Amino acid sequence: MSNETLPFIDNESEVLFEELDKDCLADVFRIWDCDEKEWHDAYPIVFRFENNDLLLSSVEGSVAITAGIVDTADPESAAREIDGNRCLCWQRDCTWSRFIGRTGVLRLILDKVDDASIHSVP
């Protein structure tokens with residue numbers, strides 16, 4: 001992976017992403033609305049690798065990428081503007097199941113996201 005293929009990634013993030021790309025993807029989570037029986041929003045998405053998490057979230061119309069452990073017991077920690085009265089929880093997103101257990105999938109994952117509006121947050 002290089003800045004030539006993913007120009008929206010800065011040099012610090014590139015190093016982190018190369019490390020993540022060596023790990024197996026363990027799971028993918030999104031916030032589920034239990035009352036509406038649908039995904040709360042397109043973002044946030046947690047890509048859980050063996051040694052770290054990658055959080056994609058919506059920030060002012062673009063997608064921010066942050067690495068670090070995400071507490072999937074608390075959906076409010078990652079989602080903005082959540083009404084405390086709603087029944088929300090992190091759920092496994094099975095649409096990504098073909099990537100689970102594989103290494104070298106970060107490029108494929110980021111290609112599936114609208115890369116015109118992505119920026120990374122180290």
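None of these values were measured; they are calculated from a predicted model.
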Given side-chain contact (heavy atoms from CB on, under 4.5 Å), test Gln91 with Ile31 step by step and report yes or no.
CA-CA 6 Å; Gln91 287 280 353; Ile31 295 179; over 6 Å; no
Would Ile65 and Leu54 count as a side-chain contact (heavy atoms from CB on, under 4.5 Å) here? Give the steps.
CA-CA 7 Å; Ile65 302 171; Leu54 193 66; 3.5 Å; yes
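- Using a 4.5 Å heavy-atom cutoff, the side chains of Arg30 and Asp41 are not in contact.
- Contact check for Arg48 versus Thr72: side-chain heavy atoms found under the 4.5 Å cut-off.
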After noting the C-alpha distance and the side-chain angles of Val28 and Ile100, does the key distance pass the side-chain contact (heavy atoms from CB on, under 4.5 Å) rule?
CA-CA 8 Å; Val28 179; Ile100 303 298; 4.2 Å; yes
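- From His40, atom NE2 reaches atom SG of Cys89 across 12.0 Å, with rounding to the nearest 0.5 Å.
- Nearest heavy-atom pair, Asp35 versus Cys87, reported as atom, atom and distance to 0.1 Å: OD2-N, 3.5 Å.
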Kindly indicate, with the supporting measurements, whether the criterion side-chain contact (heavy atoms from CB on, under 4.5 Å) is fulfilled by Asp71 and Trp90.
CA-CA 9 Å; Asp71 181 5; Trp90 285 101; over 6 Å; no
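- Hydrophobic clustering, with ILVMFWY side chains joined whenever heavy atoms are under 4.5 angstrom apart, groups Leu108 together with Tyr43.
- The structure places CZ of Arg102 at 9.5 Å from CG of Leu25, a figure rounded to the nearest 0.5 Å.
- Here the straight-line distance linking atom CG of Leu20 with atom CZ of Phe47 works out to 11.5 Å at 0.5 Å rounding.
- Once rounded to the nearest 0.5 Å, the distance linking CG of Leu106 with CG of Asp23 reads 10.5 Å.
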Step by step, would you call Trp32 with Trp39 a ring-ring contact (aromatic ring centres under 6.0 Å, His included)?
CA-CA 5 Å; Trp32 180 258; Trp39 297 117; 5.1 Å; yes
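- To the nearest 0.5 angstrom, Asp53 atom CG is 8.5 Å from Phe29 atom CZ.
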